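Whatever order the structure lists them in is the order used to number ligands and atoms, beginning at 1. Hydrogens, waters and symmetry mates are skipped; everything else that's a heavy atom, side chains included, is used. All values derive from a computational prediction rather than experimental measurement.
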Amino acid sequence: MKATTPMVSVTPMTVSAADPAPRVATNRRYLMCEPRHFAVTYAINPWMDPSQPVDTELAVRQWRALAETYRRLGNDVLEIEPIEGLPDMVFAANGATVAKGRVYGAKFRYAERVPEGPAYLDWFRGAGYTETHAAQFVNEGEGDLLVAGSRLLAGTGFRTDPAAHVEAGAFLGLPVVTLELVDPRYYHLDTALCVLGPDEIAYFPGAFSPASQAVLRELYPDAIIATAADAAVLGLNGVSDGFHVVLPIEAVALAATLLARGYQPVPVSLSELRKAGGGPKCCTLELRS
Ligand code: ARG
């Protein structure tokens, strides 16, 4: 009797540590404010120099391209009317923090931006949001309060009062992780940390106190660590839908890392708004239902 050799088909396995995880985009709703009245007339962060020229028309064109990019990627973009005399109102991320349909209002640190808080809250009330809260403590919306999955990452050190972290967490029903910013160039959390997905972030460690760096290492051992060069072009001021990550065109190393991790970087140019210390995320307030 002839011995039968079992047929073994060998399929080469392609699993390796370098294989990116599959990423899924989910469509979002964003609130934005056209920079029709944008200018740099005061300096409340180190990026702002009122003696340098600003091209408002170019700012508007770049901003429209950003809004178009979001729409092309399948997101809804809503707009709030800009108000003359409020040149930073374009930075809609600072206008509120929205989660589970609840709106935690902003209360700005500097007098120049204080009227933006009520202006944004009025927009929400007019848009039919019924659960709104005018904050008791200073906070600059999603500039410092970033919803990351089931937690709220909350920055402090330059703008947002830590008491607002507690207030926001209680109102929005989210556990809060307080993070301390120490470099004045990265005065808002969204200039130093980007939420990519429910459990994934990118950040620049040098923007945080040693204790907060330890917290981030513990919570996000697989985080993308951005370079100083990426941070210095506001590369972390990006917007992720879970797959596409809209980020400043100058953040080349970060874009390459995102690609290697299975994300699709979508570079945009916002050179004019950067003169006020802002990037794509600053222009974008996510309306989470
Ligand atoms: N000039 C504005 C300020 O200093 C820029 C705000 C940028 N917004 C942001 N979400 N980081 O307040």
Quiz item: Do E167 and Y104 get their side chains close enough for a donor-acceptor pair, meaning under 3.5 Å?
Solution: yes
Practice problem: Scan side-chain atoms only and decide if N94 and R113 contain a donor-acceptor pair under the 3.5 Å cut-off. | Solution: yes
Quiz prompt | Polar proximity ligand 1 side, N237 side, N/O cut 3.5 Å exclusive | solution = no
Quiz item: So is there a nitrogen or oxygen of E140 less than 3.5 Å from a nitrogen or oxygen in ligand 1?
Solution: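 No, no N or O pair falls under 3.5 Å.
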Nearest to [atom], what protein heavy atom do you find, and at what distance?
{"atom": "atom 10 (N) of ligand 1", "value": "D190 OD2, 2.7 Å"}
{"atom": "atom 2 (C) of ligand 1", "value": "D88 OD2, 3.3 Å"}
{"atom": "atom 9 (C) of ligand 1", "value": "C282 SG, 2.8 Å"}

Could you tell me which atoms of ligand 1, counted from 1 in the order shown, lie closer than 4.0 angstrom to a heavy atom of [X]?
{"X": "R113", "answer": "2 (C), 3 (C), 6 (C), 12 (O)"}
{"X": "G143", "answer": "10 (N)"}
{"X": "I44", "answer": "3 (C), 4 (O), 12 (O)"}
{"X": "Y187", "answer": "4 (O), 5 (C), 6 (C), 7 (C), 11 (N)"}

Does [X] approach ligand 1 within less than 4.0 angstrom via side chain, backbone, both or neither, non-hydrogen atoms only?
{"X": "Y110", "value": "neither"}
{"X": "R159", "value": "side chain"}
{"X": "M48", "value": "side chain"}

Quiz item: Does some side-chain heavy atom of K100 sit less than 4.5 Å from a side-chain heavy atom of R288?
Solution: no
Quiz prompt | Side chains of R261 and I224 in contact at under 4.5 Å (non-hydrogen atoms) | solution =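 A side-chain contact under 4.5 Å exists here.
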Exercise. Considering only NZ, NE, NH1 and NH2 on the basic side and carboxylate oxygens on the acidic side, decide whether R29 and E79 come within less than 4.0 Å.
Key: no
Just distance, no hydrogens or angles: give the donor-acceptor pairs under 3.5 Å from side chains in residues 169-182, sequence neighbours left out.
residue	atom	partner	partner atom	Å
T178	OG1	H165	ND1	2.8

Quiz item: Would a distance-only check, ignoring hydrogens and angles, find a side-chain to backbone donor-acceptor pair under 3.5 Å from D241 to A25?
Solution: no
Quiz item: Out of curiosity, is F108 lining ligand 1, as in a heavy atom under 4.0 Å away?
Solution: no
Quiz item: Can R23 be said to sit on top of Y263's aromatic six-ring, NZ or CZ under 6.0 Å from centre and within 45° of the ring axis?
Solution: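 That pair qualifies as a cation-pi contact.
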Quiz item: Please, which pairs that meet ring-ring contact (aromatic ring centres under 6.0 Å, His included) have at least one residue in residues 49-90, sequence neighbours excluded?
Solution: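 For residues 49-90: Y30-Y70.
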